[in-house]
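Structure record follows, encoded as structure tokens.
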Amino acid sequence: MRKVKEKKSRGFQIFGIILSVLLVVALAFTVFEIFTLNVLPTNLLVPVVLILVILSLIVILLVNFVSRKLAGKIFSSLLALVMTGVLGWGSYYLYTTGNMLSNITTHDGETKNTVSVITLKSASYESLEDLEDANIGYLKKIDNYGTEQFLKDASKELGYDKTSMLDFGVQNVYAQENKEEKPTFEDDYSYLPFTQKDYPSIQALAKALYDKDVDAIVLNETYRANLEELEDYIDFASETNIVYQTVYYTDKENEALVVSDITSEPFNIFISGNDTYGDVGELSRSDVNMIVTVNPSTSTVLLTSIPRDTYVESACDAADGCQQGAMDKITHLGIHGVNASKMTAENLLGIEINYTFRVNFSSVMDIVDALGGIDIFVEEGMAVDSFYADNTLEGVQEGWNHLDGKRALSFARERYAYQDGDNQRVKNQQKVLEAIFDKATSPDIIVKYASLMDAFSGAFETNMSTSEITSLIQYQLQSDPSWTFESYQVAGAGDMMYCAEAGQELSVTVPDMRTVQVAREKIQAVMDGESSDSVDTEWLDTTSPVYNYWGNYDSTADYKNGDTIEVPQDVYVPSDTTNGYTEYYDTQTYVPETNYQETYPNEYDQSIPEQSVQQPVIEETPVTGY
């Protein structure tokens, strides 16, 4: 009997030693991850580590030296197992958090671009070789670089040695200056065994394929969404085949303008919301274009929105591939990456943006669901029975509404239900962002931590560093600031104007430069430690709108005191003018008259009220620029 007790005692001793070793290992991993992640402020870091060490030592003592009776040994062993499990769980999620931060702050230095050769399904073409002696259409001035990459690869694929003399820098110059009838690279590839035809717009290119004027078309896949939203081409994907693809990569040039101390100095973040699901890195139009101005010292956050259809002067780096200096909707700049959208916003507002965040539709849904939903307040008269984006979902009622991911996304996208259209959609987007921030910084988030880390991991990309993000988390944990949210949006008037990326006339919102000036002043006020509400806006009610159709923005202009927009030198208003539009957009300049009324179009029926915006005048003499 005595031997049996000795064996049991020895067994418990060995078991206790094993538990102690496991506990020490779990403790070591947890402390290592705490220091590696570096999210705890100093006043919490030392106490947390000390508490974990002391608790672990107490449990080890209980297991190995204090508990003598069987019940005590069982209790202390269970306690050691629980402590080991908790530390193991903690170290795992600390590790997961570190990986999440690494995923969103570290991404490849290149962007994948795919150019497709597309034929009708009814045709018999199956490969590039089948298109010898055929007619191939491509875009005349949109995405010259992508088209040239196809022609270069086609030369190799078909066994030709010649290469193009057009480099990426030349195509940018061409986009700004040349007004020839043919792209400059076409003659370089005239030896290829198919006839090349060029078209001025995506719609004209697709029509040529459907009308069988060409046997195939060359299309960059980033433009497919623009085409398939047109009524005549909704079924484009099911009615066509891809017979050849060229893949090339462009550099991501999106360096952050780092502040020295992100917990005390004000900074601007540009948020780009892409209209895609799935991979957040996929290039697409940017439906959300928002500048978030953060001043940690005053705990103030200003959300400044630029509506997606705002007619702007494009700005980008050479590697982005946009048509520098051309006029277009800001949403189309997203096709060239977040850097092009950011630079265009900087150019419009005359500000500097420090960091960027890019999200998409899936990001919003995943984050909201991980948070357990968000709460949105809907003002009187703003209720929606069902959403245009998904009419199977319940809409929103006046007052407070609890939204899951799908409903939050649909609420942020809704515009057709509102008389104020895109302007109300921008307000909804700001509400969703504020609600996400409120929920993510609340104590309740602890119980949803694991799911939130999973959602964040693939939800967005940013050029903010991991150390800057952890510094902000430290600041939030240590100071627990009560953030004040303020908002503003650039306004304008509806019109139909030529958009460079589409190569055709589209519905746009021409910015009222007075509201651009107010947006800039509000951003500066928050940067200076004041409230954006301190900026005078009453003068907007006593002055006339100042619409800008040409770009060439002047951040020093003071429209409050009567400044006007200087029309570029290469534009003039002829004495004998003719209203109307023609298809020769590359040799036309639109000059608006000055007697506009600030009346917004009813976006629900996609029409513009009569007399709301004066038809622009068409200049009949070729000029440089768009």
### Query
Can a donor-acceptor pair be found between the side chains of Thr543 and Arg514 at a distance below 3.5 Å?
yes
### Which residues share a side-chain contact (heavy atoms from CB on, under 4.5 Å) with Asn354, sequence neighbours left out
Leu257, Val259, Phe267, Asn268
#### Entry: Criterion side-chain contact (heavy atoms from CB on, under 4.5 Å) on Asn552 and Glu313, from CA distance to verdict
CA-CA 8 Å; Asn552 297 314; Glu313 178 185 346; 4.3 Å; yes
#### Entry: Contacts of Asp153 that satisfy side-chain contact (heavy atoms from CB on, under 4.5 Å) - sequence neighbours left out
Tyr244, Thr246
### Query
Can a donor-acceptor pair be found between the side chains of Ser286 and Asn289 at a distance below 3.5 Å?
yes
### Query
For the residue pair Asp563 and Asp558, what are the closest heavy atoms and their distance?
OD2-N, 2.8 Å
### Query
Looking only at heavy atoms, which two atoms of Ser532 and Glu486 are closest? And how far apart?
OG-OE1, 2.6 Å
### Residues that Glu521 engages under side-chain contact (heavy atoms from CB on, under 4.5 Å), provided they are two or more places apart
Gln517, Val535
#### Entry: Between OG1 on residue Thr331 and CG on residue Asn274, distance to nearest 0.5 Å
8.5 Å
### Query
Parallel, tilted or perpendicular: which describes the rings of Tyr210 and Phe236, with under 30° parallel and over 60° perpendicular?
parallel
### Message
With rounding to the nearest 0.5 angstrom, report the CZ to NZ distance, Arg308 to Lys329.
### Response
5.5 Å
#### Entry: Derivation of the side-chain contact (heavy atoms from CB on, under 4.5 Å) call for Thr147 and Asp198
CA-CA 11 Å; Thr147 301; Asp198 53 77; over 6 Å; no
### Query
How many angstroms lie between CZ in Phe357 and CD1 in Ile271, if you round to the nearest 0.5 Å?
7.5 Å
#### Entry: Pairwise distance CD1(Ile234) to CG(Leu227) - rounded to 0.5 angstrom
10.5 Å
### Task
Determine, step by step, whether Val243 and Leu128 satisfy the side-chain contact (heavy atoms from CB on, under 4.5 Å) criterion, reporting the C-alpha distance in whole Å, the side-chain angles of both residues, the deciding distance to 0.1 Å, and the verdict.
CA-CA 6 Å; Val243 299; Leu128 187 63; over 6 Å; no
## Note on the structure
All heavy atoms of Pro307 vs all of Asn423, minimum pair found to be CG-OD1, 4.4 Å
### Query
Looking just at side-chain N and O atoms, do Glu239 and Tyr233 make a donor-acceptor pair shorter than 3.5 Å?
no
### Task
Would you check if Val510 and Val508 make a side-chain contact, meaning some heavy-atom pair closer than 4.5 Å?
yes
### Rounded distance (nearest 0.5 Å) linking atom OH of Tyr199 with atom CD1 of Ile217
10.0 Å
### Task
Return the orientation label for the Phe194 and Phe150 ring planes: parallel under 30°, perpendicular over 60°, tilted otherwise.
parallel
### Task
Consider only side-chain N and O atoms of Gln430 and Ser305, and report whether a donor and an acceptor are under 3.5 Å apart.
yes
### Nearest-0.5 Å distance that lies between atom CD in Gln149 and atom CG in Asn220
10.5 Å
### Query
Can you check whether Met497 reaches Glu505 side chain to side chain, under 4.5 Å on heavy atoms?
no
### Query
So, Asn347 and Thr344: side-chain donor and acceptor under 3.5 Å apart, yes or no?
no
### Task
Carefully, step by step, assess Thr240 and Ile242 under the rule side-chain contact (heavy atoms from CB on, under 4.5 Å).
CA-CA 7 Å; Thr240 59; Ile242 297 174; over 6 Å; no
